[in-house]
K.L.:
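What follows is a structure written as structure tokens; I'll ask about it next.
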Amino acid sequence: MNRYSPILTVFFITLLLFVSCKKDTNDTLISGATDYTVAEALFTDIFRITDAAMKTEPGVYRIGPLNALAVCSNNSLSPALPDTTFPKILTIDYGLVNCTGADGRKRRGKIVANINNKYRNAGTSATLSLVNFAINDHKITGSVVITYNGPSYTLNVQNGRITTPEGEAISFQSVTTREWSVGSATQDPNDDIYLITGSSNGTGRQGVNFTTAIKTGLRSEPFCRSITTGTLEIVINSKNNATIDYGTGACDDDATMVFDKRTFFLRLQ
């Protein structure tokens with residue numbers, strides 16, 4: 001029996017190393033995927049806030065129903081009507097302390113949009129400055145540009161940075177197209193639904209790098225904090241490929257990730 005003990009020892013050490021390696025890979029995948037979903041959700045929220053504010057500002061586009069996401073904000077336009085010249089500065093000010101919106105998110109700080117033309121003229125762009133801006137105590141900075149293409153919008157995020165409530169950082173860049181799927185025929189921004197396509201990359205809290213490519217359009221709805229349907233491929237640290245699936249349409253905070261025929265559950269921001 002003794003002559004086999006070295007072989008058994010090597011076997012168990014190899015097994016432990018294999019299990020440990022698998023766990024490390026799983027933890028890395030979950031970390032990178034979670035940080036991506038956090039970044040995507042927060043910059044999508046910035047788009048929705050600004051998009052709805054510009055649609056309902058008469059000096060920028062038209063007068064519409066109350067924008068539900070503006071319940072906590074004080075919006076101002078410069079130069080104000082009756083001046084019809086551009087560029088115009090639209091300031092969306094949530095104040096210095098958190099205010100909980102109709103969608104349950106807490107926001108504070110300002111979004112300052114520099115708009116170069118009427119919002120519904122093709123080619124119009126809005127360059128956003130984020131001033132002490134935070135969502136659910138995640139501080140957000142970066143270069144954000146919204147461009148209206150006609151039936152769709154482009155959201156370009158460069159040098160995005162999110163600082164979590166714990167002080168950890170996520171970097172994020174993306175170029176996405178947002179197709180106006182539902183609500184374009186109404187005067188109400190509260191019924192607007194978008195399908196998102198495009199790609200992104202970044203570095204998560206644990207130094208995990210990620211890149212993504214959307215495979216089926218991500219559905220963004222006005223009163224859902226997270227994406228409700230759609231799939232994307234995510235590559236972690238340039239070597240591990242996984243698929244994130246946002247589900248079948250429920251307005252929840254859940255998604256799944258499939259890697260190596262295994263399914264992991266993600267809790268969304």
K.L.:
Quick one about N241 and E233 (side-chain donor to acceptor, distance below 3.5 Å, no hydrogens or angles considered), yes or no?
P.N.:
yes

K.L.:
Please check if the side chain of N156 supplies one atom and the backbone of V145 the other of a donor-acceptor pair under 3.5 Å.
P.N.:
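No; judged by distance alone, with no hydrogens or angles, the pair does not exist.
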
K.L.:
Evaluate the criterion side-chain contact (heavy atoms from CB on, under 4.5 Å) for residue pair L218 and Y246; output intermediate values, then yes/no.
P.N.:
CA-CA 8 Å; L218 309 184; Y246 282 94; 3.9 Å; yes

K.L.:
Is there side-chain contact between E57 and L90, with at least one heavy-atom pair below 4.5 Å?
P.N.:
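With C-beta onward as the side chain, the pair touches.
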
K.L.:
Will you find, in the side chains of T91 and D93, an N or O donor that is under 3.5 Å from an N or O acceptor?
P.N.:
no

K.L.:
Can you give me the closest heavy-atom contact between I196 and S220, atom names plus distance?
P.N.:
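Looking at all heavy atoms of both residues, the shortest contact is CD1-CB, 4.0 Å.
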
K.L.:
Assess the side chains of T154 and N149: does a donor N or O sit below 3.5 Å from an acceptor N or O?
P.N.:
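Their side chains do contain a donor-acceptor pair, which is all the 3.5 Å distance test asks for.
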
K.L.:
For the backbone of T176 and the side chain of S174, can you confirm whether one donor and one acceptor N or O come within less than 3.5 Å of each other?
P.N.:
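No.
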
K.L.:
I want to check something: taking the side chain as every heavy atom from C-beta on, are E168 and T163 in contact at a cut-off of under 4.5 Å?
P.N.:
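The answer is no; the side chains never approach within 4.5 Å.
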
K.L.:
Could you walk me through whether D45 and R107 pass the salt bridge (Lys or Arg N to Asp or Glu O under 4.0 Å) test, one step at a time?
P.N.:
CA-CA 10 Å; D45 193 68; R107 302 177 180 89; 2.9 Å; yes

K.L.:
Can you tell me how far the OG1 atom of T228 sits from the CG atom of D254, to the nearest 0.5 Å?
P.N.:
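T228 atom OG1 to D254 atom CG measures 12.5 Å (nearest 0.5 Å).
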
K.L.:
When rounded to the nearest 0.5 angstrom, what distance separates CG in L266 from CD1 in I30?
P.N.:
7.0 Å

K.L.:
Determine yes or no for a side-chain-to-main-chain donor-acceptor pair under 3.5 angstrom, with T56 supplying the side chain and A52 the backbone.
P.N.:
yes

K.L.:
For Y194 and D51, which heavy atoms make the closest approach, and how far apart are they?
P.N.:
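Heavy-atom minimum between the residues: OH-OD2, 2.6 Å.
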
K.L.:
Do S78 and K88 come close enough that some side-chain heavy atom pair is under 4.5 Å?
P.N.:
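Contact flag for S78/K88 side chains = no.
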
K.L.:
Would you mind reporting whether V38 and H138 have side-chain heavy atoms less than 4.5 Å apart?
P.N.:
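In contact.
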
K.L.:
Assigning hydrophobic clusters by single linkage (Ile, Leu, Val, Met, Phe, Trp, Tyr; side-chain heavy-atom cutoff under 4.5 Å), is W180 placed with M54?
P.N.:
yes

K.L.:
If a pair satisfies salt bridge (charged side-chain N to carboxylate O under 4.0 Å, His left out) and one of its residues is in residues 202-215, list it, with sequence neighbours excluded.
P.N.:
D35-R205

K.L.:
Out of curiosity, C224 SG to I193 CD1, how far, rounded to the nearest 0.5 Å?
P.N.:
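Spacing of SG (C224) from CD1 (I193) equals 8.5 Å.
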
K.L.:
Is there side-chain contact between N116 and F86, with heavy atoms separated by less than 4.5 Å?
P.N.:
no

K.L.:
May I ask you to decide whether E221 forms a salt bridge with R219, counting only side-chain N to carboxylate O separations under 4.0 Å?
P.N.:
yes

K.L.:
For the residue pair Y153 and Y148, categorise the inter-ring angle as parallel (less than 30°), tilted (30 to 60°) or perpendicular (more than 60°).
P.N.:
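Judged by the thresholds at 30° and 60°, the geometry between Y153 and Y148 is tilted.
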
K.L.:
Is there a donor in the side chain of T212 and an acceptor in the side chain of S200, or the other way round, less than 3.5 Å apart?
P.N.:
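Yes, because at least one side-chain N or O of T212 sits under 3.5 Å from a partner of the opposite role on S200.
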
K.L.:
Could you walk me through whether S143 and N159 pass the side chain to side chain donor-acceptor pair (under 3.5 Å) check?
P.N.:
CA-CA 6 Å; S143 170; N159 300 314; over 6 Å; no

K.L.:
Is the F43 to F172 ring centre distance short of 6.0 Å?
P.N.:
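Yes; F172 has its ring centre under 6.0 Å from that of F43.
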
K.L.:
For R178 and S152, which I'm curious about, is there any donor-acceptor pair between the side chains at under 3.5 Å?
P.N.:
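No, S152 and R178 have no side-chain donor paired with an acceptor closer than 3.5 Å.
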
K.L.:
If we count only N and O atoms by modelled type, under 3.5 Å, do the side chains of N114 and T127 hold a donor and an acceptor together?
P.N.:
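There is no such pair between these side chains.
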
K.L.:
Between the side chain of T216 and the main-chain N/O of T231, is any donor-acceptor distance below 3.5 Å?
P.N.:
yes

K.L.:
For the CD atom of Q206 and the CD1 atom of I170, what is their distance to the nearest 0.5 Å?
P.N.:
10.5 Å

K.L.:
I'd like to know if F264 and I227 are part of one continuous hydrophobic network [Ile/Leu/Val/Met/Phe/Trp/Tyr, side-chain heavy atoms within less than 4.5 Å].
P.N.:
yes

K.L.:
With heavy-atom distances below 4.5 Å as the criterion, would you say the side chains of L42 and I162 are in contact?
P.N.:
yes

K.L.:
Can a donor-acceptor pair be found, under 3.5 Å and without considering hydrogens, that links the side chain of T37 to the backbone of T34?
P.N.:
yes

K.L.:
By the salt bridge (charged side-chain N to carboxylate O under 4.0 Å, His left out) test, which pairs, at least two apart or in different chains, include something from residues 236-247?
P.N.:
none

K.L.:
Does any non-hydrogen side-chain atom of Y36 lie less than 4.5 Å from one of L232?
P.N.:
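A side-chain contact exists here, since the closest heavy-atom pair is under 4.5 Å.
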
K.L.:
Taking all non-hydrogen atoms of both residues into account, name the closest pair between P79 and T85 and its distance.
P.N.:
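For P79 and T85, the tightest heavy-atom pair comes out as CG-OG1, 4.0 Å.
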
K.L.:
Would you kindly confirm whether I146 and Y61 end up in one hydrophobic cluster when ILVMFWY residues are joined by side chain heavy atoms under 4.5 Å apart?
P.N.:
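I146 and Y61: one cluster.
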
K.L.:
Is there a side-chain contact (heavy atoms from CB on, under 4.5 Å) between Y119 and N117 once you walk through the steps?
P.N.:
CA-CA 6 Å; Y119 190 41; N117 208 335; over 6 Å; no

K.L.:
For R225, does its backbone N or O pair with a side-chain atom of R105 as donor and acceptor, under 3.5 Å?
P.N.:
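It does hold such a pair.
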
K.L.:
If you look at every heavy atom in T256 and T263, which pair is closest and at what distance?
P.N.:
CB-CG2, 4.0 Å

K.L.:
Verify the neighbour count for atom CG of N132: are there more than 12 heavy atoms of other residues, nucleotides or ligands below 6.0 Å?
P.N.:
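Open.
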
K.L.:
Going by atom types alone, do N209 and T203 pair a side-chain donor with an acceptor below 3.5 Å?
P.N.:
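The criterion, which ignores hydrogens and geometry beyond distance, is satisfied for T203 and N209.
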
K.L.:
Considering all heavy atoms of both residues, which atom of L96 and which atom of R108 are nearest to each other, and what is their separation?
P.N.:
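For L96 and R108, the tightest heavy-atom pair comes out as O-CD, 3.6 Å.
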
K.L.:
Find out whether T124 and T147 are in side-chain contact, i.e. whether some heavy atom of one side chain is under 4.5 Å from a heavy atom of the other.
P.N.:
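With C-beta onward as the side chain, the pair stays apart.
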
K.L.:
Yes or no on side-chain contact (heavy atoms from CB on, under 4.5 Å) for I111 and I46, after CA distance, side-chain angles and deciding distance?
P.N.:
CA-CA 8 Å; I111 300 174; I46 289 170; 4.2 Å; yes

K.L.:
If you apply the rule side-chain contact (heavy atoms from CB on, under 4.5 Å), what do you find for N98 with D137, and how did you get there?
P.N.:
CA-CA 8 Å; N98 285 331; D137 294 319; 2.9 Å; yes

K.L.:
Is a salt bridge present between D192 and K55, judged by a nitrogen-to-oxygen distance below 4.0 Å?
P.N.:
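So D192 pairs with K55 through a salt bridge.
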
K.L.:
Ignoring hydrogens, what is the shortest heavy-atom contact between C72 and T100? Give both atom names and the distance.
P.N.:
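Taking C72 first and T100 second, the nearest heavy atoms are SG-O, 3.4 Å.
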
